[in-house]
Amino acid sequence: GTGDNLASLNLRKGTGVDIAPAMIEVAQKKFPGLKFLCSDVDALTPSSLGEDAQNLDYIYAINLMVQVPDIYLTLKNISSLMQPKTRLVLMDYTYYWDSLIRLYAYLSNKMPGIKQNRIHCSDYCKFFSNNGLKVIRRSHEMILPFYIPFFSHFINRIFRLLPFINKLGMIRVFVLSKPTPEPQIPEMSCSVVIPCKNEEKNVELILPRMPKMGKSTEIVFVDDQST
């Protein structure tokens with residue numbers, strides 16, 4: 001876009017990314033205090049972000065996943081830019097609002113957009129899991145997308161907290177993190193030392209009753225001069 005979404009966040013430092021050079025040119029003129037890159041999101045790398053790659057607190061992706069051709073690949077690339085402290089915020093339209101949005105665009109003579117992906121929440125969660133991302137918060141916002149004085153604010157602020165009704169929100173929001181993977185502890189072997197004296201009959205029963213412990217189990221019998 002032209003940088004309005006990024007500027008509305010009132011960030012001390014921010015970088016916007018768009019694939020269209022004309023959009024980047026307009027955004028840079030409107031908001032010279034922000035940084036803008038012309039790039040495909042799937043081509044972003046830590047080196048292309050420069051020093052900003054080490055200090056990413058938030059990554060905002062607005063209506064991105066509903067437009068990309070390969071959702072898994074896009075999430076995989078974004079995940080590679082994240083650190084444990086980074087939060088990924090995904091926002092898009094709830095798919096069952098799609099028909100109403102298209103009707104409104106038609107009636108207002110808006111230029112038709114590209115056909116969007118329809119992604120169910122359960123499908124999203126699978127994409128997140130496969131890329132090592134954890135959902136911190138999930139919500140639906142803006143139940144009433146039209147402005148009616150006082151009434152719109154009340155509906156969107158209060159009704160979104162009510163069970164079932166909150167699923168009617170037009171905007172779907174996911175906040176994600178990338179947890180640090182747990183270190184892999186190498187599997188260890190185990191040695192069992194059994195002291196015995198005059199235990200001939202019991203020794204035969206020990207072996208089949210001994211469970212497997214670790215990668216391998218070693219059994220050592222220490223005999224004390226049995227007769």
Side-chain angles (χ1 to χ4, degrees), residues 1 4-6 8-9 16-20 23 39-44 56-108 110-147 152-182:
D4 296 280
N5 288 326
L6 185 62
S8 67
L9 299 173
V17 179
D18 197 286
I19 197 172
M23 291 289 191
S39 173
D40 186 346
V41 67
D42 293 337
L44 281 177
L56 289 177
D57 294 322
Y58 288 91
I59 299 175
Y60 287 87
I62 302 176
N63 290 337
L64 176 64
M65 296 304 158
V66 295
Q67 300 183 34
V68 296
D70 191 329
I71 299 170
Y72 174 81
L73 180 62
T74 299
L75 278 174
K76 181 179 180 181
N77 192 61
I78 293 177
S79 175
S80 68
L81 303 174
M82 296 174 64
Q83 300 173 2
K85 69 172 184 177
T86 309
R87 297 294 179 263
L88 170 60
V89 182
L90 294 182
M91 301 175 63
D92 62 18
Y93 291 112
T94 307
Y95 66 90
Y96 45 75
W97 277 83
D98 184 60
S99 298
L100 290 176
I101 293 173
R102 289 179 181 273
L103 177 61
Y104 176 78
Y106 174 78
L107 295 176
S108 58
K110 183 180 178 181
M111 183 177 67
I114 63 174
K115 187 175 181 181
Q116 297 186 342
N117 303 320
R118 292 193 174 189
I119 314 168
H120 194 272
C121 285
S122 60
D123 296 324
Y124 254 139
C125 290
K126 292 177 183 177
F127 283 121
F128 299 153
S129 177
N130 291 338
N131 283 284
L133 299 174
K134 179 182 178 181
V135 179
I136 298 176
R137 185 172 72 87
R138 181 174 68 183
S139 65
H140 290 75
E141 309 289 339
M142 199 176 294
I143 296 175
L144 185 61
F146 307 102
Y147 178 70
S152 296
H153 179 75
F154 175 78
I155 292 294
N156 291 327
R157 191 71 180 269
I158 304 301
F159 276 44
R160 71 180 184 85
L161 302 176
L162 301 178
F164 303 108
I165 295 179
N166 57 8
K167 302 297 183 182
L168 300 176
M170 183 178 73
I171 298 177
R172 186 170 48 180
V173 182
F174 294 93
V175 181
L176 306 144
S177 68
K178 184 181 180 181
T180 303
E182 296 183 0

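All residue numbers in this chain count up from 1 along the given sequence. Keep in mind the model is a prediction, meaning the values are calculated, not measured.
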What distance separates Ile71 CD1 from Asn130 CG, expressed to the nearest 0.5 Å? 12.0 Å

With side chain to side chain contact (heavy atoms under 4.5 Å, CB included) as the test, pick out the partner of Leu75 among Val68, Leu64, Leu133. Leu133

In short, Gly132 meets Pro179 closest at the heavy-atom pair O-CD, 3.6 Å

Return the minimal non-hydrogen interatomic distance between Gly16 and Leu6, and the atom names on each side. N-CD2, 3.5 Å

Closest contact, heavy atoms only, Arg87 versus Pro84: NH1-O, 3.0 Å

How long is the span from the NZ atom in Lys76 to the CG atom in Leu81, to the nearest 0.5 Å? 13.0 Å

Distance, nearest 0.5 Å, that separates CG of Leu56 from CD1 of Ile78: 11.0 Å

I'd like to know if the side chain of Asn77 reaches the main chain of Leu44, judged simply by a donor and an acceptor atom lying under 3.5 Å from each other, with no hydrogens or angles considered. yes

In the structure I gave you, are the side-chain heavy atoms of Val135 and Phe128 within less than 4.5 Å of one another anywhere? yes

What distance separates Lys126 NZ from Tyr72 OH, expressed to the nearest 0.5 Å? 15.0 Å

Can you tell me how far apart CZ (Arg138) and CD1 (Ile136) are? Round to the nearest 0.5 Å. 13.5 Å

For residues Cys121 and Phe174, report the shortest heavy-atom separation together with the two atoms involved. SG-CZ, 4.1 Å

Start with the C-alpha gap between Tyr124 and Met65, add the side-chain angles, then the distance that decides, and say whether side-chain contact (heavy atoms from CB on, under 4.5 Å) holds. CA-CA 10 Å; Tyr124 254 139; Met65 296 304 158; 3.1 Å; yes

Is it the case that the side chain of Asp123 and the backbone of Ile119 share a donor-acceptor pair, with hydrogens and angles ignored and the cut-off at 3.5 Å? no

Nearest 0.5 Å please: distance from the CG atom of Leu176 over to the OG1 atom of Thr86. 12.0 Å

Check step by step if side-chain contact (heavy atoms from CB on, under 4.5 Å) holds for Tyr93 and Met170. CA-CA 6 Å; Tyr93 291 112; Met170 183 178 73; 3.7 Å; yes

Flag yes if more than 12 heavy atoms outside Met23 fall under 6.0 Å of its CE atom; otherwise flag no. no

